[in-house]
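Hydrogens, waters and symmetry mates play no part in the numbers below; they use all other heavy atoms, side chains included.
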Amino acid sequence: MQFKTILNRVHPLKSFVYGDAVLREQDGELVIEQEVRPRANGRAVCSGCGKKAPGYDSLPVRRFEFVPLWGIAFFLLYAL
């Protein structure tokens, strides 16, 4: 079973999809990094006015700490 299968069951995101996951070592500890991206057919929502608009700008990818799985640190990667 893949991480995105588990995430879609327990933490579905309406406007986003889970991409690839990477299990790697950081400072001697295991870390899972899961990519999150907007749906291809979705439209971005403006953080100022709240209206839907075409989105073409994006910031660099950020790491958001998520609930650890099996004692392994878990991060969601997303470019706002």
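The environment of CD in Q26 is crowded: more than 12 heavy-atom neighbours from other residues, nucleotides or ligands sit within 6.0 Å. Residue R9 qualifies as open at atom CZ: its count of foreign heavy atoms under 6.0 Å is 12 or below.
Using a 4.0 Å cut-off between charged side-chain N and carboxylate O, E65 and R63 make no salt bridge.
Taking all atoms of both residues into account, the shortest heavy-atom contact from F3 to A21 is CD1-CB, 3.6 Å. Closest non-hydrogen pair, H11 versus Y18, comes out as O-OH, 2.7 Å.
A single hydrophobic cluster is not seen to contain both V61 and L76; linkage of ILVMFWY side chains at heavy-atom distances under 4.5 Å, directly or through other members, places them apart. Placement of V22 and W70 in two distinct hydrophobic clusters is found when ILVMFWY residues are connected by side-chain heavy-atom separations under 4.5 Å, directly or transitively. One hydrophobic cluster, built from ILVMFWY side chains closer than 4.5 Å, holds both L23 and F74. Cluster annotation: I72 is connected to V10 through the hydrophobic network of ILVMFWY side chains, with a link wherever side-chain heavy atoms come within less than 4.5 Å. Neither V17 nor I32 shares a network with the other; the hydrophobic side chains, linked directly or stepwise wherever heavy atoms of I, L, V, M, F, W or Y lie under 4.5 Å apart, form separate groups for each.
Using the six-membered ring where Trp is involved, F16 and Y78 have ring planes that are perpendicular, over 60° apart on the 30 and 60° scheme.
One distance of note links CG of D20 with CD of E33; it measures 12.0 Å at 0.5 Å rounding. Taken to the nearest 0.5 Å, the CD atom of E25 stands 6.0 Å off from the CG atom of L30.
Judged by distance alone, the side chain of Q34 and the main-chain N or O of G19 form a donor-acceptor pair under 3.5 Å.
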Go through V36 and L13 one step at a time and tell me if the side chain to side chain contact (heavy atoms under 4.5 Å, CB included) criterion holds. CA-CA 9 Å; V36 178; L13 298 173; 4.1 Å; yes

Tell me, with the steps shown, if F66 and L7 meet side chain to side chain contact (heavy atoms under 4.5 Å, CB included). CA-CA 11 Å; F66 197 65; L7 288 168; 3.7 Å; yes

